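Below is one structure, written out as structure tokens, with a few remarks after it.
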Amino acid sequence: MPIVPDVKNWTWVLERVCPECGFDAAATAYEVVPALARDSADRLRAVLERPDARRRPDESTWSPLEYAAHVRDVCRIFAYRTAVATRTAAVDPRVPAFDARGLTADETPDGLPVFSNWDQDATAIADRYDMQEPVAVSGELALAAEAAARAFEAVPVADRDLRVRRGDGSFFTVDSLAKYFAHDLVHHVHDVRG
């Protein structure tokens with residue numbers, strides 16, 4: 001049985017505690033997000049050292065390797081999205097099957113920049129997460145998490161209320177984007193019991 005694509009809109013985690021991983025966006029200060037990114041990456045990197053890192057726990061669940069590759073790409077994309085939200089130079093993260101084209105604030109009627117949706121399952125297939133080397137993913141994850149952490153650290157307090165819209169219409173501030181990002185990482189550490 002193949003992996004069932006995740007098509008849920010996870011923005012609800014900004015409003016209530018995640019019952020699966022326990023992440024509480026309301027109780028998470030923006031200032032801790034960079035440390036959460038680094039810690040989550042470290043924990044996933046440790047999981048990649050397990051002899052069974054390539055093994056899926058069942059046919060419909062990613063292996064720890066696949067989760068780590070996904071989190072690497074989450075970090076790459078959220079560093080990009082943070083730049084879009086803060087109206088700074090946004091560099092295409094070059095993640096397979098991710099379309100970095102969006103709209104600048106000047107191109108939208110409401111003056112909000114828009115970043116595209118991401119089909120994470122298309123990326124997992126296009127980039128063959130299941131066939132990647134754990135050592136390579138570990139190093140790339142460390143670099144990507146550091147870049148995302150620095151992107152969030154670089155945002156001045158005055159800019160954390162800047163608004164941005166995702167292609168599906170969901171609105172974020174830089175602050176809520178950071179918490180949404182943090183949940184993704186914490187949740188996947190939980191998924192692999194890291």
Side-chain angles (χ1 to χ4, degrees), residues 4-21 23-37 40-41 67 69-127 144-188:
V4 176
D6 184 356
V7 296
K8 292 183 287 238
N9 181 344
W10 284 87
T11 55
W12 61 265
V13 301
L14 297 171
E15 299 165 3
R16 59 187 186 275
V17 175
C18 179
E20 294 177 39
C21 71
F23 182 81
D24 185 353
T28 303
Y30 181 95
E31 292 76 14
V32 304
V33 170
L36 281 173
S40 295
Y67 275 115
H70 168 67
V71 169
R72 172 203 60 209
D73 290 342
V74 167
C75 291
R76 290 171 172 169
I77 288 170
F78 274 80
Y80 163 80
R81 287 178 170 177
T82 302
V84 171
T86 57
R87 286 92 167 147
T88 56
V91 177
D92 183 345
R94 304 233 181 260
V95 171
F98 173 69
D99 182 359
R101 289 174 297 176
L103 298 171
T104 66
D106 295 335
E107 297 172 311
T108 62
D110 59 6
L112 294 180
V114 177
F115 58 75
S116 60
N117 288 336
W118 175 36
D119 182 340
Q120 63 190 22
D121 297 295
T123 295
I125 292 166
D127 205 24
E146 184 60 30
R150 288 183 181 187
F152 285 112
E153 285 172 336
V155 178
V157 174
D159 288 349
R160 292 181 190 165
D161 287 332
L162 288 172
R163 295 179 71 220
V164 65
R165 189 174 52 247
R166 189 169 59 193
D168 67 356
S170 296
F171 289 91
F172 295 88
T173 62
V174 175
D175 182 80
S176 66
L177 187 68
K179 294 173 183 184
Y180 185 73
F181 162 76
H183 168 261
D184 207 336
L185 274 58
V186 169
H187 196 97
H188 292 318

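It should be emphasised that the depicted structure is a prediction, and the values quoted were computed from it without experimental measurement. All values below were derived from every heavy atom in this structure, side-chain atoms included, with hydrogens, water molecules and symmetry-related copies excluded.
Within the structure, every pair that satisfies the side-chain hydrogen bond (donor to acceptor under 3.5 Å, both in side chains) test and touches residues 77-87, not counting sequence neighbours, is listed here: Thr86-Thr88.
At least one donor-acceptor pair closer than 3.5 Å links the side chain of Lys179 to the backbone N or O of Thr28. The main-chain N or O of Thr104 is found under 3.5 Å from a side-chain atom of Glu107 such that the two form a donor-acceptor pair. Panel note: side chain Asp73, backbone Val95; no donor-acceptor pair is recorded below 3.5 Å. A donor-acceptor pair under 3.5 Å links the side-chain atoms of Tyr30 to the main chain of Phe152, judged by distance alone. Judged purely by atom type and a 3.5 angstrom limit, Thr173 has no side-chain atom pairing as donor or acceptor with the backbone of Leu162.
Aromatic rings of His188 and Trp10 (six-membered ring for Trp) have centroids beyond the 6.0 Å cut-off, not under it.
In terms of the side-chain contact (heavy atoms from CB on, under 4.5 Å) criterion, residue partners of Thr108 (sequence neighbours excluded) are, by chain and number, Leu103, Asp110, Val114, Arg165.
Annotation for Gly167 and Asn117: closest pair N-OD1, 3.7 Å, computed over non-hydrogen atoms. Considering every non-hydrogen atom in both Val33 and Ala178, the closest pair reads CG1-O, 3.6 Å. Listed here is the closest heavy atom pair of Ser170 and Thr11: OG-CG2, 4.0 Å. The two residues Ala148 and Cys75 come nearest to each other via the heavy atoms CB-O, 3.6 Å. Smallest separation of non-hydrogen atoms from Ala25 and Leu14: CB-CA, 3.9 Å. In terms of heavy atoms, Ala126 sits closest to Ala97 at CB-CB, 4.2 Å.
Atom OH of Tyr67 is separated from atom CG of Leu185 by 13.0 Å, given to the nearest 0.5 angstrom. Between the OG atom in Ser176 and the CG atom in Asp161 there is a gap of 9.5 Å [rounded to 0.5 Å]. Taken to the nearest 0.5 Å, the CG atom of Asp127 stands 12.5 Å off from the NE2 atom of His70.
Contact check for Asp184 versus Ser40: no side-chain heavy atoms found under the 4.5 Å cut-off. Put simply, the side chain of His183 reaches to within 4.5 Å of the side chain of Cys18, judged on heavy atoms. Contact check for Asp159 versus Val174: no side-chain heavy atoms found under the 4.5 Å cut-off.
Annotation: cation-pi pair Arg166/Phe171 absent, no NZ/CZ under 6.0 Å from the ring centroid and within 45° of its normal.
Using cut-offs of 30° and 60° on the angle between ring planes, the pair Phe172 and Tyr180 is tilted.
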| query | Should Val164 and Phe115 be marked as a side chain to side chain contact (heavy atoms under 4.5 Å, CB included) after you check the CA-CA gap, both sets of side-chain angles, and the distance that decides it? | reply | CA-CA 8 Å; Val164 65; Phe115 58 75; 3.6 Å; yes
| Phe78 vs Val74, side chain to side chain contact (heavy atoms under 4.5 Å, CB included): CA-CA, chis, key distance, verdict | CA-CA 6 Å; Phe78 274 80; Val74 167; 3.8 Å; yes
